[in-house]
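I have placed the structure first, in the form of structure tokens, so that the comments after it can refer back to it.
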Amino acid sequence: MSEENQTLAQRKEKAESLAQLGVNLYSNTFKPANAIEELLPKAENLEPQEKEASGASYSIAGRIMAMRKFGKAAFCSITDKTGQIQIYIKKDILGDEIFETFKKWDIGDIVGIQGILFKTKVGELSIQAREITMISKSLRPLPDKWHGLTDVETRYRQRYVDLIVTPESREIFKKRVQIIHLIREYLNNHDFMEVETPMMQPIPGGATAKPFQTYHNALDMDLYLRIAPELYLKRLLVGGFERVFEINRNFRNEGLSTRHNPEFTMLEFYQAYATYEDLITLTEEMISGICEKVNGSMHISYQGTEVDLTPPWTKMTMDEALMQVAGIDAEILADDEKVMALAAKKGIQLEKQAGPGKAKTELFELEVEEKLINPTFITSYPTEVSPLARRNEQDPSVTDRFELFITGRELANAFSELNDPMDQLQRFEKQINDRGDDDEIHPELDRDYVRALEYGMPSAAGEGIGIDRLVMLLTDAPSIRDVILFPHLKPETRLQDGKGDTSDAS
RNA sequence: GGGUCGUUAACUCAGCUGGUAGAGUAUCUGACUUUUAAUCAGAGAGUCGCGCGUUCGAGCCGCGCACGACCCA
């Protein structure tokens, strides 16, 4: 018998003896009539040791988080999704037989309690149990009640345990739901229509990234998990849906880090007859409004850094940012060769076909990005790095595009959409010709998308916002794994060896 | 891919110069009918991540591997 099974064995013994006493260990008939949260205000008018005058009966269900046992009485802390309350168990009230079954209860069990409300002599609202029900017997011990679960690996691998014992973790995921709900509400109120477009695409487009590949047997064809929904959402603009959005998963077959998970949640939205400047206003309003609703203020702290989300936010062109933040001379930026030379001097390695636009973008990422703490829109991205964005009317070497940076991280990317099918076709062709030696990136000409544009797409602007990064910002989470319920990790060798298994065979 | 750090009881962690493994919580037994990190007395619990090496002797030293964290690309 392995060491871990010692506790398991003790609990299984308890479970067996409870069963012999006639207790159903996994009863499914108990229906709690009350949420713990709604009982707590009833304590206001009670004096210590006073019972609620009405003598009303309440019933709750939840997990036992702590127990303080005496010989013939006990207190248990019970948690449900709304809060925590103390129950008082007394042998006199329950009777000898029921009290015997209570003695086999453990921290971690899920139980149902029916009883009356009273305040203890130290003034804590409690339920004096009249009837008790075992709903689910727990066989594994919970982590240390005082220190909790600090090992991040276990928190990610066994999120269910993390959620049981780490209130902060529960709060982050509740906030995540709230944030996504508020985004939907905002966009619905602005007449956007939520749609679903393919997750499996024959040509993975809309971004440059390595896709996950899969195979469809019946059609005998390769498919790719999408790296972006962009090209499908814009087909809907062609179709006449003038405001669309999608909140869903993208998949990129690249490295993992505190800011990257292979599957991540993206908001993309497209608005006909709008420009990227309209989206600047929309973005400021939506994100600052959500922050205020979720955090009660537009001033937040992210990992010790103060951030002010009060609009309006700073706007700069990429050239301005390179001059003002990185201190690069205007003279250099105006000269393609000098830009290339500077990038080389900074140790940036560029592909052969890369031009000054790519060099500027790389310089920006190296010298500017991490310094943009308060929200900053960077505009006028080089056309070279923006294959789907509309060229600027005055200066066709740049596009009508912005990226939004907060706490040094890219949070959003938006542009006025390119709707000229001829220009789009040429840029796709250039993109494919310029493909690097990286075979895993999959540039293939999406001829159907060009055909769609040939039918006529209205002028429009579109934006993508990384939901996980937004949630990180608004919940002060240091790692993307803190805001994704089940982040990807390498397989756990321990379980494969059978050590964490419940099997009795070991 | 590179570097640094980590992996010891279910949980949180100690473990000296290399000499057969410790605490608190949790668990078990006993006492205890208003406690709240309950208290008191006692007990059980470990393949020291895995493997190889050095050594009379390795949790500790060396090499390799696995997993994780952080930084860099």
Side-chain angles (χ1 to χ4, degrees), chain A residues 1-15 17 46-51 64-79 84-96 99 102-109 115 117-129 138-158 161-162 164-166 254-260 303 346-349 362 365-366 370 408 438 478-482 487-502 506:
Chain A
M1 182 91 52
S2 75
E3 102 291 326
E4 181 164 12
N5 284 347
Q6 191 214 8
T7 311
L8 270 175
Q10 283 171 343
R11 292 243 178 150
K12 282 178 178 171
E13 261 176 51
K14 271 190 187 179
S17 58
L46 290 179
E47 294 295 322
Q49 288 188 289
E50 187 187 357
K51 288 176 186 168
I64 301 176
M65 297 305 292
M67 292 180 100
R68 295 169 288 281
K69 287 185 177 181
F70 301 85
K72 299 185 179 67
F75 293 89
C76 307
S77 303
I78 307 284
T79 303
Q84 189 168 92
I85 198 169
Q86 173 172 270
I87 63 163
Y88 181 47
I89 300 283
K90 207 175 173 187
K91 189 176 183 180
D92 292 351
I93 294 173
L94 291 180
D96 292 356
F99 193 78
F102 166 75
K103 282 184 176 173
K104 308 279 184 191
W105 282 19
D106 289 302
I107 291 171
D109 292 351
L117 282 177
F118 78 109
K119 246 188 185 176
T120 65
K121 69 181 181 189
V122 292
E124 179 162 343
L125 181 73
S126 308
I127 297 178
Q128 192 181 79
S138 168
L139 300 179
R140 287 179 185 266
L142 290 176
D144 189 290
K145 69 180 170 188
W146 194 239
H147 298 96
L149 191 58
T150 59
D151 177 42
V152 291
E153 186 178 348
T154 310
R155 291 188 49 214
Y156 299 150
R157 285 196 196 281
Q158 295 181 262
V161 177
D162 179 43
I164 291 170
V165 300
T166 316
E254 294 173 355
L256 288 72
S257 79
T258 48
R259 290 183 290 282
H260 299 87
Q303 301 296 298
K346 295 277 184 185
I348 294 167
Q349 293 181 348
E362 295 279 336
E365 286 178 15
L366 185 69
E370 64 178 14
D438 197 343
S479 169
I480 197 170
R481 298 188 184 100
D482 296 318
H488 284 281
L489 300 172
K490 288 197 185 179
E492 186 179 6
T493 51
R494 209 168 139 261
L495 257 191
Q496 288 170 343
D497 295 345
K499 282 188 180 176
D501 201 347
T502 56
S506 59

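Here is how names work: the chains are called A, B, and so on, in the same order as the sequence lines, proteins then strands, and each is numbered from 1.
Here A:Asp106 pairs with A:Lys14, A:Lys137 under the side-chain hydrogen bond (donor to acceptor under 3.5 Å, both in side chains) rule; sequence neighbours left out. For A:His260, the side chain to side chain contact (heavy atoms under 4.5 Å, CB included) partners two or more places apart in sequence, or in a different chain, are A:Ser257, A:Arg469. Shown here are the side-chain hydrogen bond (donor to acceptor under 3.5 Å, both in side chains) partners of A:Arg68, two or more places apart in sequence or in another chain: A:Gln86. For A:Glu370, there are no side-chain hydrogen bond (donor to acceptor under 3.5 Å, both in side chains) partners, not counting sequence neighbours. Residues that satisfy the salt bridge (Lys or Arg N to Asp or Glu O under 4.0 Å) test with A:Lys51, not counting sequence neighbours, are absent from this structure. With sequence neighbours excluded, the residues satisfying salt bridge (Lys or Arg N to Asp or Glu O under 4.0 Å) with A:Glu362 are A:Lys358. By the salt bridge (Lys or Arg N to Asp or Glu O under 4.0 Å) test, A:Lys69 pairs with no residue at all, sequence neighbours left out. Among residues two or more places apart in sequence or in another chain, the side-chain hydrogen bond (donor to acceptor under 3.5 Å, both in side chains) test is passed with A:Thr154 by A:Asp151.
Between A:Arg157 and B:G68 there is a side-chain polar atom (N or O) within less than 4.0 angstrom of OP1 or OP2. Here A:Lys145 reaches the OP1 or OP2 of B:A26: one of its side-chain N or O atoms lies under 4.0 Å away.
Taking the P atom of each, B:G49 and B:G59 are spaced 10 Å apart, rounded to whole Å. Only the C1' atoms considered, B:G3 is 47 Å distant from B:A43, to the nearest whole Å. Nucleotides B:A41 and B:U25 have their P atoms positioned 11 Å apart, rounded to a whole Å. For the P atom pair drawn from B:C48 and B:C60, the interatomic distance equals 10 Å after rounding to whole Å. Rounded to the nearest Å, the gap between the P atom of B:U8 and that of B:A14 is 11 Å. Distance check on atom C1': B:G44 versus B:C28 gives 7 Å, rounded to whole Å. Distance noted for atom P between B:G19 and B:G24: 23 Å (whole Å). Atom name P, nucleotides B:G30 and B:G68: the rounded distance is 44 Å, in whole Å.
Rounded to whole Å, atom P of B:G68 lies 9 Å from atom CG of A:Leu256. Rounded to whole Å, the distance from CD1 on A:Ile64 to P on B:U27 is 11 Å. Taking atom NZ of residue A:Lys14 and atom C1' of nucleotide B:A26, one finds them 11 Å apart after rounding to whole Å. Atom C1' of nucleotide B:A73 and atom CD1 of A:Ile348 are separated by 13 Å, given to the nearest angstrom. Rounded to whole angstrom, the span from the CD1 atom of A:Ile87 across to the P atom of B:A38 amounts to 15 Å. Rounded to whole angstrom, the span from the CE atom of A:Met65 across to the P atom of B:U25 amounts to 18 Å. In this structure, A:Lys12 atom NZ and B:U27 atom C1' are separated by 16 Å, rounded to whole Å. Going from atom CZ of A:Arg11 over to atom P of B:U27 covers 7 Å, rounded to whole Å.
The nearest pair of heavy atoms linking A:Leu256 to A:Arg481 is CB-NH2, 3.9 Å. Closest heavy-atom contact between A:Gly71 and A:Phe99: O-CE2, 3.6 Å. Across all their heavy atoms, A:Asp109 and A:Lys104 have their closest contact at OD2-O, 4.3 Å. Among all heavy-atom pairs drawn from A:Leu149 and A:Val165, the shortest one is CB-CG2, 3.9 Å.
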Practice task
Sugar-phosphate atoms are those with a prime plus P, OP1 and OP2; base atoms are the rest. Using that split, label each nucleotide of nucleotides 31-36 of chain B B, S or - for protein heavy atoms under 4.0 Å, 5' to 3'.
Solution key: -BBBBB
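Paired regions of RNA chain B, where each region holds three or more successive Watson-Crick or G-U pairs whose two hydrogen-bonding distances fall under 3.5 Å, are B:1-7 with B:66-72, B:10-13 with B:22-25, B:27-31 with B:39-43, B:49-53 with B:61-65.
Heavy-atom nearest nucleotides on RNA chain B were determined for A:Lys104 and for A:Ala66, and the one closer to the 5' end corresponds to A:Lys104. When each of A:Glu370 and A:His147 is assigned the nucleotide of RNA chain B with its nearest heavy atom, A:His147 is the one assigned upstream, toward the 5' end.
Residue side chain A:Asp144 reaches the base of B:G24 through a donor-acceptor N/O pair under 3.5 Å, judged by distance alone.
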Could you go over nucleotides 69-71 of chain B and give all protein N or O partners under 3.5 Å, atom names and distances?
{"unit_1": "B:A69", "atom_1": "OP1", "unit_2": "A:Arg481", "atom_2": "NH1", "d": "2.8"}

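When heavy atoms are screened at a 4.0 angstrom cut-off, A:Gly148 is found touching the sugar-phosphate backbone but no base atom.
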Donor-acceptor pairs are to be reported for all side-chain atoms of residues 88-95 of chain A against protein atoms at under 3.5 Å, with residues two or more places apart or in another chain.
none

